[in-house]
Amino acid sequence: MPTSLAKRIAASDYLSVRNEVLASILEGSTKEAVNLDLQGGVPSFERVRQDLEEIKRLYDVQASEQLANVAATSRRTVFRLIGVLGITLALASASVWAIQRSKMLGAIQLAKLQMEFVASVSHELRTPLTVISSAADNIADGLVGGKDQLKRYGSAIQNQCRQITELVNQILLFASTKDRKNRYTLRPLQVSQIIDSVLDNTAELVEGAGFAIEQRIESGLPSVMGDLSALSQCLQNLIVNAVKYSGESRWIGISAFVENSEERSGKEIRITVQDRGIGIDRLEMPHVFEPFYRGAAVSAAQIHGTDLGLSLAKSIAEAMGGTLSVASELAVGSVFTLRLPIAEKQ
Ligand code: ADP
């Protein structure tokens, strides 16, 4: 028989004995009631008492089992919490370490670039300064005689001063484009307006070097959005290079036309500056737009330059929302292409 059923039977036995005892008392048979109580009531009450004891013990066992369960669960929760906190802490430490490391590498890289920058600028300044200094020494020491010789020295000093000024100007421009301090004034510009400005600025150099510039400008070109002086500087650098790197050729071509854009939907303006000069080696092509890069042949031929021209031109093109690219072949020539977005609301 299940224990709970047995306990219920014991309790109901006691209740029926107690009812019989009460009935006997009410009927006046006290003796019979005492006998009934002694024979049936006391033993069945004893059983009920034992049952209650048993119930209490069972409750105690269950309560301590539940307490043990709660303790085990809370211990597991604490361990899990410690685990999660530990992992979070490890991940956070790893992220902080990675950020600090990348910051440090960035700072080292920046310091390296700054050192290279200073070294390149010093190197570029040394040659003209040496020429100026030795020319001045010769004049001061009375080694330069006659008007003609003095004139030659004077123009050598003038040339070197021009080179230094050009270098300093390019460095200032380069620094301002890199610092994003250079705030361009963008406005709709006619392509012919840009090209006229470039040709005006380079006329002396181009004509002085005996070059002929062939222009092919499509008529009715839409305007571009840009800064006139910056775009003019960009194309000017390309023309100066075409003059420097043309070898025996004395021809430069400038063209401007509308073309479907390869990068965005719609059309764009393309302005090309072409020469039939020394060209660029295939291996050097990826580097020509880097600041302070100078081609090996150009270095060997000691052709003067600031080594910032193309890097500057590219920065300007990109600041106007455009691109600058090159196609070239050694001993055949180079074509630099400036792509510019068309101004909206034509
Ligand atoms: P720089 O001309 O002062 O050296 P640039 O940044 O203008 O500096 O040009 C970087 C290099 O790209 C040059 O040293 C040269 O090797 C190459 N380059 C640029 N333009 C031309 C060109 N039109 N023809 C051949 N090589 C060129």
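Counting convention: from 1, in listed order, for ligands and their atoms alike.
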Which of the numbered atoms in ligand 1 are below 4.0 angstrom from a heavy atom of Ile280? 25 (C), 26 (N), 27 (C)
Is any NZ, NE, NH1 or NH2 atom of the basic residue among Lys56 and Glu53 found under 4.0 Å from an Asp or Glu carboxylate oxygen of the other? no
Ser261 side chain reached by Arg339 side chain, heavy atoms, under 4.5 Å: no
Ranking Pro291, Gly295, Ser311 by closest non-hydrogen atom to atom 16 (O) of ligand 1, top hit is Gly295
Measure the distances from the heavy atoms of Gly277 to every atom of ligand 1 and state whether one is below 4.0 angstrom. no
Here the atoms of ligand 1 under 4.0 Å from any heavy atom belonging to Arg294 are 4 (O), 14 (O)
Please report which non-hydrogen protein atom sits nearest to atom 15 (C) of ligand 1, along with the residue it belongs to and the distance in Å to one decimal place. Val298 CG2, 3.8 Å
Phe336 versus ligand 1: do any nitrogen or oxygen atoms come within less than 3.5 Å of each other? no
Does this structure show an ion pair linking Glu318 with Lys314, if we count only N-O contacts that are shorter than 4.0 Å? yes
Given the rule that I, L, V, M, F, W and Y join up when any side-chain heavy atoms are under 4.5 Å apart, are Leu231 and Leu221 in one cluster? yes
Could you list which atoms of ligand 1 come closer than 4.0 Å to a heavy atom of Gly279? 25 (C)
From CG (Asp37) to CG (Leu22), nearest 0.5 Å: 9.5 Å
For the 3.5 Å polar cut-off, considering only N or O atoms, please tell me whether Asn241 and ligand 1 meet it. yes
Contact atoms of ligand 1, heavy-atom distance to Lys244 under 4.0 Å: 1 (P), 2 (O), 3 (O)
For Asp200, give me all partners under side-chain hydrogen bond (donor to acceptor under 3.5 Å, both in side chains), at least two apart in sequence or on another chain. none
Is Ile239 close to Phe211 at the side-chain level, that is, under 4.5 Å between some pair of heavy atoms? no
Given Asp275, Leu310, Asp307, Ile278, identify the one with the heavy atom nearest to atom 23 (N) of ligand 1. Asp275
Could you tell me whether Tyr245 and ligand 1 have an N or O pair separated by under 3.5 Å? yes
Ranked by distance from atom 17 (C) of ligand 1, the top protein heavy atom is Val288 CG1, 3.9 Å
Could you check Ser249 against Asp275 for side-chain contact (heavy atoms from CB on, under 4.5 Å), going step by step and ending with a plain yes or no? CA-CA 8 Å; Ser249 154; Asp275 64 62; over 6 Å; no
List every atom of ligand 1 that sits less than 4.0 Å from any heavy atom of Tyr293, numbering the atoms from 1 in the order shown and giving each element. 10 (C), 11 (C), 14 (O)
Using only heavy-atom distances, determine whether the side chains of Asn237 and Gln233 contain a donor-acceptor pair under 3.5 Å. yes
By number and element, which atoms of ligand 1 are closer than 4.0 Å to a non-hydrogen atom of Gly309? 5 (P), 6 (O), 7 (O)
